[in-house]
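Below, chain A is the first sequence line, B the second, and so on; all start at residue 1.
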2 protein chains.
Amino acid sequence: MSTLSIGDLARRTGVPVETIRYYERMGLLPKPPRTEGNYRAYEAGHERRLAFVKRSRDLGFGLDAIRALLDLADGADRPCGEVDALARDQLAEVERKIADLTAMRAELQDMLGHCRNDTVADCEIIGRLRGK
Amino acid sequence: MSTLSIGDLARRTGVPVETIRYYERMGLLPKPPRTEGNYRAYEAGHERRLAFVKRSRDLGFGLDAIRALLDLADGADRPCGEVDALARDQLAEVERKIADLTAMRAELQDMLGHCRNDTVADCEIIGRLRGK
DNA sequence: TCTTGACCCTGTAGCGACTACAGGGTGCAG
DNA sequence: CTGCACCCTGTAGTCGCTACAGGGTCAAGA
């Protein structure tokens, strides 16, 4: 056969077996045909779809957005404005998180830079957590 | 009275009422005394402690780390090496997240930069999600 | 043939840090 | 005395997995 077990698919895509089953339950992957012994039997189309999901997850898209992207990807003739909008929303979200984390990093670095390694009573870090 | 209701405390600290009750259940805040009508009655010490928790959360510390920081903050005479270590761990975590998000941002920006706003079939974004 | 072990199945519970009810009680102003 | 804002407990939902428990399947080796 040219079919893949769920374990094969997991190895090829780097997505854990449990996560593949989870994506199926969430409606991101179609239910594959089963073997006589009730094992899932995947084909190349399933692997491509899962790879799409994984790349989208790696870019931080949520499962709802990925469902939408998959739907859009299936309609070849439609304009890609909606795809663009989803990507833009995701970029905005990523930039918001970077801004938050950059502020945290600055404060943590500053706290650590002032640490004189003495007792907790005089600790700059504790002092700032208590309210500067 | 100089005591605060949970709503007062929420307004003063910017921490939602439900979250304050949650922190109490999680052992981050001591159980406050109650009024006759079974309302929580907070004092200044509670407000300081909650402010400490909030500042720590704003820096991204997890609740376990905050519990540890609170314990350390109470022992004034001990050296602050453990505090330092917790802050360093947190900084490393923040830097890891920034690195991940920065890579996502670059890829999203690149995808959007190549979008020629035509049909989904030729869409650069979809194309890259499918596997470049 | 039997057994071992790796794999697969379903269903459910747990994670972190909240958030959102449902279904009730309290307390004060008009 | 009647609203209404506020408070109480307890439980369930969020997101995206992850980790069992308790079983079934299947191929290789003794």
Side-chain angles (χ1 to χ4, degrees), chain A residues 1 3-29 31-42 46 50 52-70 89-90 93-94 96-97 100-101 104, chain B residues 1 3-29 31-42 46 50 52-70 89-90 93-94 96-97 100-101 104:
Chain A
M1 304 295 144
T3 67
L4 300 170
S5 73
I6 196 169
D8 294 336
L9 192 59
R11 270 182 295 278
R12 277 156 161 272
T13 58
V15 178
V17 167
E18 306 279 349
T19 303
I20 297 172
R21 285 197 281 249
Y22 172 73
Y23 287 163
E24 182 182 322
R25 273 203 309 287
M26 295 298 104
L28 290 173
L29 301 178
K31 302 200 176 197
R34 301 291 183 121
T35 65
E36 251 179 81
N38 198 33
Y39 285 18
R40 288 170 179 82
Y42 294 101
H46 294 101
L50 179 54
F52 185 105
V53 171
K54 181 176 175 15
R55 269 186 293 271
S56 303
R57 283 298 296 136
D58 288 347
L59 290 171
F61 286 99
L63 300 195
D64 283 354
I66 296 174
R67 242 185 304 269
L69 286 169
L70 284 164
D89 285 355
Q90 180 54 23
E93 184 66 14
V94 166
R96 206 189 47 70
K97 285 183 184 167
D100 285 357
L101 288 163
M104 291 182 200
Chain B
M1 309 292 145
T3 67
L4 300 171
S5 74
I6 196 168
D8 295 335
L9 192 59
R11 270 183 295 279
R12 277 156 161 274
T13 58
V15 178
V17 166
E18 306 279 347
T19 303
I20 297 173
R21 285 198 281 250
Y22 172 73
Y23 287 162
E24 182 183 322
R25 275 204 307 287
M26 295 298 105
L28 289 173
L29 301 177
K31 302 200 176 194
R34 301 291 182 121
T35 65
E36 250 179 83
N38 197 33
Y39 285 17
R40 289 171 180 82
Y42 294 101
H46 294 101
L50 179 54
F52 186 105
V53 171
K54 181 175 176 14
R55 270 186 293 271
S56 303
R57 282 296 299 134
D58 287 348
L59 290 171
F61 286 97
L63 300 194
D64 284 352
I66 296 173
R67 242 185 304 268
L69 286 169
L70 284 164
D89 286 355
Q90 180 53 23
E93 183 65 15
V94 166
R96 204 189 50 69
K97 284 183 185 164
D100 284 357
L101 287 163
M104 290 182 199

- prompt: B/Asp58 CG to C/dA17 C1': how many Å, rounded?
  reply: 14 Å

- prompt: Does B/Thr19 place a side-chain N or O at less than 4.0 Å from the phosphate oxygens OP1/OP2 of C/dC18?
  reply: no

query: Can you tell if the side chain of A/Leu50 reaches within under 4.5 Å of the side chain of A/Tyr42, non-hydrogen atoms only?
result: no

task: To the nearest 0.5 Å, tell me how far A/Phe61 CZ sits from B/Met104 CE.
output: 10.5 Å

message: Output the rounded distance in Å from CD (A/Glu36) to C1' (C/dC8).
response: 15 Å

- prompt: Going through the checks in order, is the side chain to side chain contact (heavy atoms under 4.5 Å, CB included) test met by A/Arg57 and A/Tyr23?
  reply: CA-CA 12 Å; A/Arg57 283 298 296 136; A/Tyr23 287 163; 3.5 Å; yes

- request: Check the distance between C/dA17's C1' and B/Leu50's CG and give it to me in whole angstrom.
  value: 15 Å

- request: Let me know, please, whether B/Tyr23 or A/Asn38 comes out on the 5' side of the other along DNA chain C by nearest nucleotide.
  value: A/Asn38

- request: State plainly whether the residues B/Asp8 and B/Arg11 are in salt-bridge range, i.e. N to O under 4.0 Å.
  value: yes

Leading and trailing nucleotides of DNA chain D with any atom under 4.0 Å from heavy atoms of chain B: D/dC6 to D/dT9

- prompt: To the nearest Å, how far apart are B/Asp8 CG and C/dG27 C1'?
  reply: 14 Å

field: Distance in angstrom units between B/Arg25 CZ and C/dA20 P, rounded
entry: 14 Å

task: Would you mind classifying the nucleic acid contact of A/Arg21 as base, sugar-phosphate or nothing, using non-hydrogen atoms under 4.0 angstrom?
output: base

message: Counting the atoms with a prime plus P, OP1 and OP2 as sugar-phosphate, which does B/Phe61 contact under 4.0 Å by heavy atoms, base, sugar-phosphate, or nothing?
response: nothing

query: Could you state the CZ-C1' distance from B/Arg40 to C/dT26, rounded to the nearest angstrom?
result: 14 Å

field: Heavy-atom donor-acceptor pair, B/Arg40 side chain to B/Arg21 backbone, under 3.5 Å
entry: no

- prompt: Does the side chain of B/Tyr22 get closer than 4.0 angstrom to OP1 or OP2 of C/dG16 through an N or O atom?
  reply: no

query: Pick the nucleotide of DNA chain C nearest each of B/Tyr39 and B/Gly62; which residue has the one closer to the 5' end?
result: B/Gly62

query: Between B/Glu18 and B/Ser5, who's closer to the 5' end of DNA chain D by nearest nucleotide?
result: B/Ser5

message: Tell me if the CZ atom of B/Arg12 is crowded by more than 12 foreign heavy atoms within 6.0 Å.
response: no

field: Separation of C/dA17 P from B/Glu93 CD (nearest whole Å)
entry: 11 Å

task: Determine the minimum heavy-atom distance between B/Leu70 and B/Val53, stating which atoms define it.
output: CD1-CG2, 4.0 Å

